[in-house]
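Working notes, structure below.
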Amino acid sequence: MKKAQKRNSLNIMILTDHESRLLYDYYDPERMKDIDLIISCGDLRADYLSFFATLCNVPVLYVRGNHDGKYDEQPPEGCICIEDDIFVYEGVRIMGLGGSMQYIPGAKNQYTERQMRRRVRRMGWKLLRHKGFDILVAHAPAYAVNDMQDLPHRGFAAFRTLMEKYEPRYFFHGHVHASYGRNFKRKDTFGKTTVINAYDFYVVEYPLT
(Lines give C-alpha, C1' and ligand atoms only; values in the text may rest on other atoms or scores of the structure.)
Protein backbone atom coordinates (compact mmCIF):
# COMPACT_ATOMS: atom_id res chain seq x y z
CA MET A 1 0.00 0.00 0.00
CA LYS A 2 1.06 3.53 -0.67
CA LYS A 3 2.68 5.19 2.29
CA ALA A 4 2.21 8.87 2.91
CA GLN A 5 5.28 10.83 1.94
CA LYS A 6 7.09 12.85 4.56
CA ARG A 7 5.04 16.01 4.53
CA ASN A 8 2.80 18.17 6.68
CA SER A 9 -0.60 16.61 5.95
CA LEU A 10 -2.63 13.58 4.89
CA ASN A 11 -5.35 13.70 2.25
CA ILE A 12 -8.22 11.61 3.62
CA MET A 13 -11.19 10.77 1.41
CA ILE A 14 -14.34 9.97 3.39
CA LEU A 15 -17.31 8.17 1.85
CA THR A 16 -20.81 7.24 2.99
CA ASP A 17 -24.43 6.45 2.05
CA HIS A 18 -24.29 7.27 -1.68
CA GLU A 19 -22.14 5.75 -4.42
CA SER A 20 -20.47 8.53 -6.35
CA ARG A 21 -20.74 8.15 -10.12
CA LEU A 22 -17.83 10.57 -10.44
CA LEU A 23 -15.54 8.29 -8.45
CA TYR A 24 -16.91 4.92 -9.56
CA ASP A 25 -18.47 5.06 -13.04
CA TYR A 26 -15.98 7.66 -14.24
CA TYR A 27 -12.99 6.50 -12.23
CA ASP A 28 -9.89 8.57 -12.95
CA PRO A 29 -6.56 7.60 -11.34
CA GLU A 30 -5.47 11.23 -11.54
CA ARG A 31 -8.33 12.22 -9.24
CA MET A 32 -7.17 9.74 -6.60
CA LYS A 33 -3.40 10.04 -6.92
CA ASP A 34 -2.97 12.37 -3.94
CA ILE A 35 -5.32 10.45 -1.61
CA ASP A 36 -3.43 8.82 1.27
CA LEU A 37 -6.29 7.16 3.15
CA ILE A 38 -9.94 6.28 2.45
CA ILE A 39 -12.53 5.99 5.24
CA SER A 40 -16.12 4.74 4.83
CA CYS A 41 -18.75 5.82 7.34
CA GLY A 42 -21.11 3.05 6.23
CA ASP A 43 -24.10 2.10 4.09
CA LEU A 44 -22.06 1.35 0.97
CA ARG A 45 -21.84 -1.92 -0.99
CA ALA A 46 -18.91 -4.13 -0.12
CA ASP A 47 -17.94 -4.24 -3.81
CA TYR A 48 -17.85 -0.45 -3.91
CA LEU A 49 -15.30 -0.29 -1.10
CA SER A 50 -13.28 -3.18 -2.52
CA PHE A 51 -13.08 -1.30 -5.82
CA PHE A 52 -11.14 1.51 -4.15
CA ALA A 53 -8.99 -0.87 -2.10
CA THR A 54 -7.94 -2.60 -5.33
CA LEU A 55 -7.32 0.42 -7.55
CA CYS A 56 -6.11 3.11 -5.16
CA ASN A 57 -3.41 1.19 -3.30
CA VAL A 58 -4.12 2.98 -0.01
CA PRO A 59 -5.73 1.66 3.18
CA VAL A 60 -9.54 1.63 3.12
CA LEU A 61 -11.04 1.72 6.60
CA TYR A 62 -14.73 1.27 7.37
CA VAL A 63 -17.44 1.09 9.99
CA ARG A 64 -20.87 -0.42 9.36
CA GLY A 65 -23.99 1.56 8.63
CA ASN A 66 -27.44 0.42 9.67
CA HIS A 67 -27.96 -1.18 6.23
CA ASP A 68 -24.67 -3.11 6.16
CA GLY A 69 -25.92 -6.45 7.46
CA LYS A 70 -24.54 -8.21 4.38
CA TYR A 71 -21.01 -7.42 5.55
CA ASP A 72 -21.30 -10.41 7.91
CA GLU A 73 -21.40 -12.82 4.95
CA GLN A 74 -19.38 -10.76 2.48
CA PRO A 75 -17.18 -8.08 4.04
CA PRO A 76 -15.39 -5.59 1.78
CA GLU A 77 -12.31 -7.37 0.45
CA GLY A 78 -8.99 -5.70 1.04
CA CYS A 79 -10.50 -3.26 3.54
CA ILE A 80 -10.00 -2.86 7.28
CA CYS A 81 -12.92 -2.87 9.72
CA ILE A 82 -12.31 -0.47 12.61
CA GLU A 83 -15.49 -1.21 14.56
CA ASP A 84 -14.85 -0.91 18.31
CA ASP A 85 -11.17 -0.31 17.65
CA ILE A 86 -8.53 2.39 17.31
CA PHE A 87 -6.51 2.16 14.11
CA VAL A 88 -3.31 4.19 13.87
CA TYR A 89 -2.10 5.44 10.48
CA GLU A 90 0.90 7.74 10.15
CA GLY A 91 0.49 8.54 13.84
CA VAL A 92 -3.19 9.50 13.48
CA ARG A 93 -5.44 7.62 15.92
CA ILE A 94 -8.77 6.70 14.30
CA MET A 95 -11.62 5.33 16.44
CA GLY A 96 -14.55 3.47 14.88
CA LEU A 97 -18.13 3.15 16.18
CA GLY A 98 -20.62 2.23 13.44
CA GLY A 99 -24.37 1.69 13.43
CA SER A 100 -27.39 3.91 14.04
CA MET A 101 -29.92 4.54 16.77
CA GLN A 102 -32.12 1.48 17.25
CA TYR A 103 -35.51 1.91 15.56
CA ILE A 104 -36.20 -1.79 14.86
CA PRO A 105 -35.66 -3.91 17.99
CA GLY A 106 -33.10 -6.64 17.39
CA ALA A 107 -31.96 -5.30 14.01
CA LYS A 108 -28.28 -5.55 13.10
CA ASN A 109 -26.11 -2.48 13.45
CA GLN A 110 -28.70 -0.58 15.49
CA TYR A 111 -28.11 0.41 19.10
CA THR A 112 -29.89 2.09 21.96
CA GLU A 113 -28.09 4.96 23.65
CA ARG A 114 -27.32 2.63 26.54
CA GLN A 115 -25.82 0.03 24.21
CA MET A 116 -23.63 2.62 22.50
CA ARG A 117 -22.35 3.86 25.85
CA ARG A 118 -21.53 0.26 26.75
CA ARG A 119 -19.50 -0.08 23.54
CA VAL A 120 -17.55 3.04 24.47
CA ARG A 121 -16.88 1.72 27.99
CA ARG A 122 -15.55 -1.54 26.55
CA MET A 123 -12.99 0.48 24.63
CA GLY A 124 -11.65 2.00 27.83
CA TRP A 125 -8.35 0.08 27.74
CA LYS A 126 -7.74 0.96 24.07
CA LEU A 127 -8.46 4.61 24.78
CA LEU A 128 -6.06 4.53 27.71
CA ARG A 129 -3.33 2.73 25.76
CA HIS A 130 -3.56 5.13 22.81
CA LYS A 131 -4.03 8.17 25.05
CA GLY A 132 -7.28 9.09 23.30
CA PHE A 133 -7.91 9.47 19.59
CA ASP A 134 -7.68 12.08 16.83
CA ILE A 135 -10.61 11.12 14.57
CA LEU A 136 -13.94 9.58 15.52
CA VAL A 137 -15.54 7.63 12.65
CA ALA A 138 -19.20 6.71 13.00
CA HIS A 139 -22.21 6.14 10.82
CA ALA A 140 -24.66 8.08 12.97
CA PRO A 141 -24.16 11.71 13.97
CA ALA A 142 -23.89 13.00 17.51
CA TYR A 143 -27.05 14.03 19.32
CA ALA A 144 -28.16 17.55 18.36
CA VAL A 145 -25.16 18.01 16.03
CA ASN A 146 -26.35 17.62 12.45
CA ASP A 147 -28.81 14.87 13.37
CA MET A 148 -32.59 14.78 12.85
CA GLN A 149 -35.47 14.62 15.30
CA ASP A 150 -36.93 11.31 14.11
CA LEU A 151 -35.64 8.25 15.98
CA PRO A 152 -33.94 6.51 13.00
CA HIS A 153 -31.78 9.58 12.33
CA ARG A 154 -31.26 10.79 15.88
CA GLY A 155 -27.64 11.02 16.97
CA PHE A 156 -25.91 9.51 19.99
CA ALA A 157 -25.22 11.54 23.11
CA ALA A 158 -22.30 9.16 23.72
CA PHE A 159 -20.48 10.77 20.80
CA ARG A 160 -20.86 14.21 22.37
CA THR A 161 -19.33 12.82 25.57
CA LEU A 162 -16.37 11.41 23.62
CA MET A 163 -15.75 14.73 21.89
CA GLU A 164 -16.02 16.66 25.14
CA LYS A 165 -13.57 14.37 26.94
CA TYR A 166 -10.96 13.66 24.26
CA GLU A 167 -11.29 16.72 21.99
CA PRO A 168 -10.50 14.92 18.72
CA ARG A 169 -9.60 17.04 15.73
CA TYR A 170 -12.37 15.51 13.57
CA PHE A 171 -15.62 13.56 13.76
CA PHE A 172 -16.67 11.91 10.47
CA HIS A 173 -20.21 10.54 10.12
CA GLY A 174 -22.95 9.82 7.61
CA HIS A 175 -26.58 8.66 7.89
CA VAL A 176 -28.11 12.11 7.26
CA HIS A 177 -28.36 12.41 3.49
CA ALA A 178 -28.05 15.62 1.49
CA SER A 179 -31.38 14.72 -0.14
CA TYR A 180 -33.26 14.90 3.18
CA GLY A 181 -33.78 18.65 3.01
CA ARG A 182 -32.29 22.10 3.13
CA ASN A 183 -30.93 21.61 6.64
CA PHE A 184 -28.11 19.35 5.40
CA LYS A 185 -24.80 20.65 6.72
CA ARG A 186 -21.46 19.40 5.41
CA LYS A 187 -19.33 20.90 8.19
CA ASP A 188 -19.94 21.99 11.75
CA THR A 189 -18.02 22.31 14.98
CA PHE A 190 -18.54 20.88 18.44
CA GLY A 191 -16.11 22.28 20.97
CA LYS A 192 -12.64 21.78 19.46
CA THR A 193 -13.84 19.13 16.99
CA THR A 194 -14.65 19.70 13.33
CA VAL A 195 -17.69 17.61 12.42
CA ILE A 196 -18.07 16.47 8.81
CA ASN A 197 -20.99 14.70 7.16
CA ALA A 198 -19.27 12.47 4.59
CA TYR A 199 -22.33 11.97 2.35
CA ASP A 200 -21.24 10.90 -1.15
CA PHE A 201 -17.57 11.81 -0.68
CA TYR A 202 -15.43 14.55 0.75
CA VAL A 203 -11.68 15.10 1.04
CA VAL A 204 -10.08 16.34 4.26
CA GLU A 205 -6.53 17.61 4.49
CA TYR A 206 -5.43 16.39 7.90
CA PRO A 207 -2.41 18.24 9.37
CA LEU A 208 0.38 16.06 10.69
CA THR A 209 2.09 18.83 12.63
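The structure displayed is predicted, hence computed values, not measured ones.
- Counting heavy-atom neighbours within 6.0 Å of Arg21 CZ, excluding the residue itself, gives a total of 12 or less.
- Under the 3.5 Å distance criterion, with hydrogens and angles disregarded, a donor-acceptor pair is assigned to the side chains of His139 and Asn66.
- Remark: Glu30 CD to Tyr27 OH distance equals 10.0 Å, nearest 0.5 Å.
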Between His67 and Leu44, does a side-chain contact (heavy atoms from CB on, under 4.5 Å) hold up when you go through it step by step?
-> CA-CA 8 Å; His67 298 300; Leu44 292 169; over 6 Å; no
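- Although no hydrogens or angles enter the test, the distance criterion places a donor-acceptor pair under 3.5 Å between the side chain of Thr16 and the main chain of Gly42.
- When side chains are defined from C-beta on, Leu97 counts as touching Met123, because their heavy atoms get closer than 4.5 Å.
- Rounding to the nearest 0.5 Å places CZ of Phe51 at 7.0 Å from SG of Cys56.
- Shown here for Tyr48 and Leu15, the closest heavy-atom pair between the two residues is CE2-CD1, 4.4 Å.
- Listed by first and then second residue, the ring pair (Phe, Tyr, Trp, His ring centres under 6.0 Å) pairs involving residues 103-133 are Phe133-Tyr166 (not counting sequence neighbours).
- Linking Ile, Leu, Val, Met, Phe, Trp and Tyr residues whenever their side-chain heavy atoms come within less than 4.5 Å leaves Val176 and Phe156 in two separate clusters.
- Within 6.0 Å of atom CD in Glu77, 12 or fewer heavy atoms from other residues, nucleotides or ligands are found, so the atom counts as exposed in its surroundings.
- Distance alone, capped at 3.5 Å, is enough to place a donor-acceptor pair between the Glu113 side chain and the Ala157 backbone.
- Heavy atoms from other residues, nucleotides or ligands lying under 6.0 Å from CD of Gln149 number 12 at most.
- The heavy-atom pair separating Lys185 from Asn146 by the smallest distance is CD-OD1, 3.6 Å.
- Ile86 places none of its side-chain heavy atoms less than 4.5 Å from the side chain of Ile94.
- Using a 4.0 Å cut-off between charged side-chain N and carboxylate O, Asp84 and Arg122 make no salt bridge.
- Linking ILVMFWY side-chain heavy atoms closer than 4.5 Å, directly or via other members, places Ile14 and Leu61 in a single hydrophobic cluster.
- Cluster membership check: Val195 does not share its hydrophobic cluster with Ile39, using side-chain heavy-atom separations under 4.5 Å among Ile, Leu, Val, Met, Phe, Trp and Tyr.
- To the nearest 0.5 Å, atoms OG (Ser100) and CG (Asp43) are separated by 8.0 Å.
- Here Tyr143 sits alone; no ILVMFWY side chain lies under 4.5 Å from its own, so it joins no hydrophobic cluster.
- Atoms CZ and CZ, on Phe171 and Phe190 in that order, are 10.5 Å from each other to the nearest 0.5 Å.
- Side chain of His175 to main chain of Pro152: a donor-acceptor pair is present (N/O by atom type, distance under 3.5 Å, no hydrogens or angles).
- When atom types are taken as modelled, the side chain of Arg154 and the backbone of Ala144 share no donor-acceptor pair closer than 3.5 angstrom.
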For residues 199-206, which side-chain N or O atoms pair as donor and acceptor with protein atoms under 3.5 Å away, sequence neighbours left out?
from: Asp200; atom 1: OD1; to: His18; atom 2: ND1; distance (Å): 3.4
from: Glu205; atom 1: OE2; to: Ser9; atom 2: OG; distance (Å): 3.0

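- Shown here for Arg31 and Tyr26, the closest heavy-atom pair between the two residues is NH1-O, 3.3 Å.
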Dump the intermediate steps for side-chain contact (heavy atoms from CB on, under 4.5 Å) on Tyr71 and Arg45, then the final yes or no.
-> CA-CA 9 Å; Tyr71 282 15; Arg45 286 186 302 114; over 6 Å; no
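- Under the 4.5 Å side-chain criterion, counting only non-hydrogen atoms from C-beta, Leu37 is not in contact with Glu90.
- Looking only at side-chain heavy atoms (C-beta outward), Thr112 and Arg117 stay at 4.5 Å or farther from each other.
- Here the closest heavy-atom approach between residue Asp68 and residue Val63 is recorded as OD2-O, 4.2 Å.
- Between the side chain of Asp188 and the backbone N or O of Ile196 there is no donor-acceptor pair closer than 3.5 Å.
- A chain of hydrophobic side-chain contacts below 4.5 Å, direct or via other Ile, Leu, Val, Met, Phe, Trp or Tyr residues, connects Val60 to Leu22.
- Of the possible polar contacts, one joining the Arg186 side chain to the Asn197 backbone as a donor-acceptor pair under 3.5 Å is found.
- By the neighbour-count criterion of 12 heavy atoms within 6.0 Å, atom CD of Gln115 is densely surrounded, having more than that number from other residues, nucleotides or ligands.
- Gln110 places no side-chain N or O within donor-acceptor distance of the main-chain N or O of Pro105, the cut-off being under 3.5 Å.
- No side-chain heavy atom of Pro168 sits less than 4.5 Å from a side-chain heavy atom of Ile135.
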Verdict with supporting geometry, Phe52 and Met32, side-chain contact (heavy atoms from CB on, under 4.5 Å) | CA-CA 9 Å; Phe52 295 107; Met32 306 297 292; 4.2 Å; yes
Starting from the C-alpha separation in whole Å, work towards a yes-or-no answer on salt bridge (charged side-chain N to carboxylate O under 4.0 Å, His left out) for Asp134 and Arg93.
-> CA-CA 5 Å; Asp134 303 299; Arg93 303 161 297 173; 2.8 Å; yes
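- Phe172 and Leu208 fall within the same hydrophobic cluster, where Ile, Leu, Val, Met, Phe, Trp and Tyr residues are linked whenever their side-chain heavy atoms come under 4.5 Å apart, directly or through other members.
- Shortest non-hydrogen contact noted between Asp36 and Tyr89 is O-OH, 3.4 Å.
- From Arg169, atom CZ reaches atom CG of Leu136 across 15.0 Å, with rounding to the nearest 0.5 Å.
- Using a 4.0 Å cut-off between charged side-chain N and carboxylate O, Glu73 and Lys70 make no salt bridge.
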Verify side chain to side chain donor-acceptor pair (under 3.5 Å) between Asp147 and His153, making sure each step is shown before the conclusion.
-> CA-CA 6 Å; Asp147 66 346; His153 297 96; over 6 Å; no
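- Heavy atoms only, all atoms of each residue included: Gly174 and Pro141 are closest at O-CD, 4.1 Å.
- To the nearest 0.5 Å, atoms CE (Met95) and CZ (Phe159) are separated by 8.5 Å.
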